Amino acid sequence: MPVASDTDGLDEAVERTDDAGPGGDLPINELFCSLQGEGRLAGVPSVFVRTSGCNLRCWFCDSYHTSWEPTGDWYSVDDVTAAVETYDADHVVLTGGEPLVHEASVDLLDELGDRGYHTTVETNGTIYRDAAIDLASVSPKLASSTPTAGRDPKGDGEWADRHEDRRLDVPTLAELVDTYETQLKFVVTGPEDMDEIERLVSRVREAADAAVPDDRVLLMPEGQTRERLEVTREVVADLAIEYGYRYTPRLHVDLWNDAPGT
Ligand SMILES: C[S@@+](CC[C@H](N)C(=O)[O-])C[C@H]1O[C@@H](n2cnc3c(N)ncnc32)[C@H](O)[C@@H]1O
Ligand SMILES: Nc1nc2[nH]cc(C(=O)O)c2c(=O)[nH]1
Ligand code: SF4
Ligand SMILES: [Mg+2]
């Protein structure tokens, strides 16, 4: 499926949360087959469906063209499903951008579930939707993700307040944990992130009925490139040992340096 660039107005639509394209279509940035690079299913051949548009703006976002400058084209759920079926994989990863800003993501997940696919949804955990999700791969955003003026990839910190207001919603995180098999996958920039992670995990454990065992809490090194991971990888691995949480690699960065389509 080609990458196109017809998402004029998508940002405004995400803000109004009435983002449905014509007939409930989905804005797709890319669709490809690779190995799941992150989390408890790392290494599993999977089809990736990357939607465009996000309600947050992490300064380090490795999918810039779905968040800071969203591009893509609108496809029907049937066309996306047909494109998934051209690959020989039985796992699908729905990601973005933030896939759960789109109501049509529910229709896509239901179609894929009906066809027997295992579905993982990569989400920032600020939006709950009732859908056929086999693994909710939730990546709550820490204070270190906020695009302050000094590390804004596009402007001068204009998104910082909105990002800060939206990035954490404990009741929504608890609802995801209570409804779906969940992993909490934190992007870690350094040891100074650990206090916030510990506090947030405690709050989610208090708010949720379901348990959140330590091996469902994953620490992932921040890094869009091999060079950056060379700096963060070992620091984060040591933190996982120290705190008793799980470490997750970023296989697609190690293998392919996060090139498009990987
Ligand atoms: C691009 S996001 C899309 C899904 C959703 N918006 C989210 O943030 O979870 C996919 C995954 O990549 C992670 N990620 C994004 N940029 C990253 C970076 N520079 N280093 C490590 N992980 C990153 C996110 O935290 C998330 O787990
Ligand atoms: N191989 C590979 N694994 C991934 N796991 C989560 C990804 C994402 O961008 O959400 C991703 C990705 O972009 N590529
Ligand atoms: S929430 Fe996800 S897609 Fe949105 S800016 Fe952050 S990493 Fe990128
Ligand atoms: Mg990625």
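Bear in mind the structure is a predicted one, so any value in this text is a computation, not a measurement. Start at 1 and go down the list; that is how both ligands and their atoms are numbered.
Distance from atom 8 (C) of ligand 2 to its nearest protein heavy atom, with residue and atom name: Thr95 OG1, 3.6 Å. Protein heavy atom closest to atom 27 (O) of ligand 1, with residue, atom name and distance, is Lys185 NZ, 2.9 Å. Of all protein heavy atoms, the one closest to atom 5 (N) of ligand 2 is Gln36 OE1, 2.5 Å. From the protein, the heavy atom lying nearest to atom 20 (N) of ligand 1 is Gly223 N, 2.9 Å. Annotation: atom 8 (Fe) of ligand 3 to nearest protein heavy atom, Cys61 SG, 2.3 Å. At the top of the distance list for atom 11 (C) of ligand 1, counting protein heavy atoms only, stands Glu38 OE1, 3.9 Å. When only non-hydrogen protein atoms are considered, atom 13 (C) of ligand 1 lies nearest to Met220 CE, 3.8 Å. The protein atom (non-hydrogen) at minimum distance from atom 12 (O) of ligand 1 is Asp62 OD2, 3.8 Å. At the top of the distance list for atom 25 (O) of ligand 1, counting protein heavy atoms only, stands Ser139 OG, 2.8 Å. The protein heavy-atom contact nearest to atom 22 (N) of ligand 1 is Arg250 NH1, 3.1 Å. For atom 4 (Fe) of ligand 3, the closest non-hydrogen atom on the protein side is Cys54 SG, 2.3 Å. Among protein heavy atoms, atom 6 (N) of ligand 1 sits closest to Gly97 O, 2.9 Å.
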Could you walk me through whether Val187 and Leu142 pass the side chain to side chain contact (heavy atoms under 4.5 Å, CB included) check?
-> CA-CA 8 Å; Val187 176; Leu142 303 173; over 6 Å; no
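The proximity of Cys58 to ligand 3, defined as any non-hydrogen pair under 4.0 Å, involves the side chain as well as the backbone. With a 4.0 Å heavy-atom cut-off, ligand 1 is reached by no atom of Ser137. With a 4.0 Å cut-off on non-hydrogen atoms, Val138 does not touch ligand 1 at all. Proximity of Leu251 to ligand 2, defined as any heavy-atom pair under 4.0 Å, is not found for any part of the residue. With a 4.0 Å heavy-atom cut-off, ligand 1 is reached by the side chain of Thr95 but not by its N, CA, C or O.
Here atom 1 (S) of ligand 3 lies nearest to Asn124 when heavy atoms of Thr95, Thr51, Val101, Asn124 are compared. The heavy atom nearest to atom 24 (C) of ligand 1, considering only Gln183, Gln224, Glu122, Lys141, is found in Lys141.
Between Glu111 and Arg115 a salt bridge is recorded (basic side-chain N to carboxylate O distance below 4.0 Å). Between Arg205 and Asp214 a salt bridge is recorded (basic side-chain N to carboxylate O distance below 4.0 Å). At a threshold of 4.0 Å, the pair Asp258-Arg226 does not count as salt-bridged, since none of the basic side-chain nitrogens sits closer than that to a carboxylate oxygen. Glu222 and Arg151 are not joined by a salt bridge, as no carboxylate oxygen comes within less than 4.0 angstrom of a charged side-chain nitrogen. The existence of a salt bridge linking Arg233 and Asp254 is confirmed by a sub-4.0 Å separation between a basic side-chain nitrogen and an acidic carboxylate oxygen.
Each of the atoms 6 (C), 10 (O) of ligand 2 lies under 4.0 Å from some heavy atom of Glu122. Under a 4.0 Å criterion applied to the non-hydrogen atoms of Gly97, ligand 3 contributes the atoms 3 (S). Close approach to Thr262 involves these atoms of ligand 2, each under 4.0 Å from a residue heavy atom: 1 (N), 2 (C), 14 (N). Close contacts between ligand 2 and Arg50 involve ligand atoms 8 (C), 9 (O), 12 (C), 13 (O) [criterion: under 4.0 Å to a heavy atom]. Heavy-atom proximity to Val187, at under 4.0 Å, picks out these atoms of ligand 1: 21 (C), 22 (N), 23 (C), 25 (O).
The environment of Asp114 atom CG is dense: over 12 non-hydrogen atoms of other residues, nucleotides or ligands sit within 6.0 angstrom. Sparse packing is recorded around CD of Glu234, with 12 or fewer heavy atoms of other residues, nucleotides or ligands lying under 6.0 Å away.
Annotation: Asp62 places no N or O atom under 3.5 Å from an N or O atom of ligand 2; distance criterion only. Residue Pro99 places no N or O, backbone or side chain, under 3.5 Å from any N or O of ligand 1. Residue Gly37 places at least one N or O, backbone or side chain, under 3.5 Å from an N or O of ligand 2. Between Leu35 and ligand 2, at least one pair of N/O atoms sits closer than 3.5 Å.
Among Thr66, Asn124, Thr51, Asn55, the one residue that satisfies the side chain to side chain donor-acceptor pair (under 3.5 Å) test with Glu98 is Asn124. With Val93 as the fixed residue, the side-chain contact (heavy atoms from CB on, under 4.5 Å) test singles out one of Leu135, Val44, Thr120, Thr119: Thr120.
The shell of residues lying under 4.0 angstrom from ligand 1, judged by heavy atoms, excludes Ser67. Not a single heavy atom of Ser63 lies less than 4.0 angstrom from ligand 3. Residue contacts with ligand 1 do not include Arg228, since none of its heavy atoms lies under 4.0 Å from the ligand. The shortest heavy-atom distance from Pro221 to ligand 1 is under 4.0 Å.
Nearest heavy-atom pair across Leu229 and Gly223 is CD2-CA, 3.9 Å.
No side-chain heavy atom of Tyr117 sits less than 4.5 Å from a side-chain heavy atom of His91. Residues Ser139 and Lys141 have side chains in contact (heavy-atom distance under 4.5 Å, counting atoms from C-beta outward).
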